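Keep in mind that what you see is a predicted model, and the values were worked out from it rather than measured. Reckoned from all heavy atoms, side chains included, excluding hydrogens, waters and symmetry mates. When a ligand or atom number is given, it counts from 1 through the structure's own listing order.
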Amino acid sequence: MTLEEAKKRINTLTAQINTHNYQYYVLDSPLISDYEFDMLLNELILLEKEYPLLILPDSPTQRVGGEITKRFKSVKHVNPMLSLSNTYSENELKDFDRRIKNILYLSEVEYVCELKYDGVAISLIYENGILQQAITRGDGVQGDDVTVNVKTIRSIPLRLQGNYPNKLEVRGEIIMPHDSFYALNEEKEVAGEIKFANPRNAAAGSLKLQNSSEVAKRNLDCFLYFVYTDTQLYDTHYEGLTTLRTWGFKVSPHIKLCRNIEEIFVFINQWEVARKTLPFDIDGVVIKVNRYSLQELLGYTAKNPRWSIAYKYKAERVLTSLEEISYQVGRTGVITPVANLTPVLLAGTVVKRASLHNADFINELDIRIDDKVYVEKGGEIIPKIVAIEQSQRHAEAPPFQFISFCPACNTPLIRNEGEAAHYCPNFKDCPPQIKGRLEHFISRKAMNIEGLGEGKIDILFEKGLVRNITDFYRLTYNDLFGIEKGYFNEQENKERFVSFREKTVENLLEAIEKSKSVPFDRVLFALGIRFIGENSAKKLVAHFKTIDNLFKANFEDLIAVGDIGTKIAESILAYFSDNSNLQIIDDLRTMGLQFQLSDEAVNDTIISEKLEGMTFLVSGTFSTPERRKEIEQLIEKHGGTRITAVSKKLSFIIAGENMGPAKEEKAQKAGIPIISEQDFLRLIEEE
Ligand code: IVH
């Protein structure tokens, strides 16, 4: 390829991919399959590698990130980023409307109602249609330059379309949709990290990540709601929003022109209910005067525009008593304080406990035992204590003291510099930590030992039968048969009874035996090494193949593996430097667990990366059930992903005989190619 040809191809690919991104992430109507999209992107990545000088400023390859920012540059806003005055009261909203009409000497004013997205405000600067800078709100006067991170957000255009002005500033809210939020917290849970309290915090935390390729994985989204231009191109905010759409921005469809306060209340009431159906959080409605000339007349106070107000939805809130603070010790030793409340009905459920997160949280609220506290259920599902009724505090109530010793094992707690959580360092002997590790070990995604659910582990632990994970493999029929005990099931809130009868014991021993063939990556995950989740375990195993290789790896070897960062690497080194851990591994190995890729697994592991980034659904019947399994394995061996339902993410359906007509129709509607077994084999054939 000549330089000229490369340039032409890079230009075409960049434009095409940007269009497809827009179709998918802004318009939600993809024109091509994920597979075709990935093919275009891969081609561009290769070309850019070969001709780095030809990379365009709006290259979609920036979306995958990779750049590391140690410290975000502080930048002054051209136009200060003000916040909105807000209210929870209908009367105050009526006052707002009245005040505006008075100032303007008008009997009618037109407003725009929008949703109030619960995320992080962002200012985007475009010059000649190219995204130049993305700045957080900061203190309103200056914020942080998070451009590299924001470029990974697929719905934010890197280059504008249509008839845009040369200089442009748009503002909007970066949000994390519920799906992404739950998935992220689940990952955090598995890795033993502290979870985000809500999607807003998660969005804010994500924007400040140092590694932009991590941001790319967070699935952030952005709605735009405000625009500054040098010359006035239109007369109203509503036209501004619709024009933003034509330039390629994502503007919510849920905006409404209202001619009077009654129409505003209709919008507010409608969304108070309908917000439960949105895939992201909103915390109210924003009302803006529509005509720019009127906005200008109204002007600004020191902090807020006078032409806009936010009406916030009240979270349901009740008053109850804090009876006691108890503490939970997690499997990694993190101590979580929990408020035990006098049970109270809130938004349809009885609430009797609420997380108090950590010592800082308690200190900030200055919570004391026997206080009357307000408990709220906002957008989030878990109730939280939001305030204290000071007027009802007992005069002699002493300030609350966070414990300094582990509630379970009495070891002095530690708190690392810069961390909010207290830890119990008695990793080896602290009972809840041990039980947590045992529970993690047998869990479905780890060793998947069925029949040892809640209650049973507790009993085996108390009886001294299982003290560390190796003990599962020492259990005998005689150890177990006849054990009986009642226990309290927290979730069901009632007493339950376990008894190890003949069949229970046989099934359990069989399940334990079966777990010996669980593949190495899941064994590695099951060990419960801090920060090693399912995925990092897979990556490590694919790379090192055996536990001995992993054991021999030094820091550099470890971080050379994709997705393994310094935190994980340090955690692995610490784990292997402890002799008792080596003993556990040795024992488990003697007992027959998998500590290397089996021959079969070696065959199972990636043979090629031909299908990297593609997703497949296998549907219908094939010549034999084994054939179907083989196809499924081939997908994974070549780096593809298998899913089980038709979705936008799907690249191909591999159809056997008798594929369900509903599925077929759905796939055709979504434009997903349906291919045969032969077509599929051709995809992975050697050239
Ligand atoms: S307009 C000058 N519109 O709420 C007015 N803000 O305190 C600029 N927000 O900082 C803001 N949804 O982060 C506006 N539809 C919306 C909004 C919105 C959420 C946030 C924004 C702002 C805060 C107001």
Of Leu84, Val251, Ile309, the one whose closest heavy atom lies nearest atom 24 (C) of ligand 1 is Leu84
Select the closest option to atom 11 (C) of ligand 1 among Phe223, Tyr225, Tyr117, judged by heavy-atom distance.
Tyr225
Here the atoms of ligand 1 under 4.0 Å from any heavy atom belonging to Leu115 are 12 (N), 15 (N), 16 (C)
Can you sort out which atoms of ligand 1 are near Ser83, meaning under 4.0 Å from one of its heavy atoms?
7 (O)
Apply ring-ring contact (aromatic ring centres under 6.0 Å, His included) to Phe223 and Phe280, showing your working.
CA-CA 11 Å; Phe223 286 108; Phe280 50 83; 5.1 Å; yes
Charged N to carboxylate O below 4.0 Å: is that the case for Arg393 and Asp366?
yes
Tell me the protein heavy atom at minimum distance from [atom], and give that distance in Å.
atom: atom 4 (O) of ligand 1; value: Lys116 NZ, 3.1 Å
atom: atom 20 (C) of ligand 1; value: Glu173 OE1, 3.4 Å
atom: atom 15 (N) of ligand 1; value: Glu114 OE1, 2.8 Å

Is there a nitrogen or oxygen of Arg137 sitting under 3.5 Å from a nitrogen or oxygen of ligand 1?
no
Mind checking whether Tyr311 and Tyr313 have parallel, tilted or perpendicular rings, split at 30° and 60°?
perpendicular
Please state which part of Pro305 comes within less than 4.0 Å of ligand 1, counting heavy atoms only: side chain, backbone, both or neither.
side chain
With heavy atoms only and a cut-off of under 4.0 Å, state how Lys288 meets ligand 1: side chain, backbone, both or neither.
side chain
Mind jotting down which residue pairs meet the ring-ring contact (aromatic ring centres under 6.0 Å, His included) criterion with at least one end in residues 62-83? Sequence neighbours excluded, please.
none
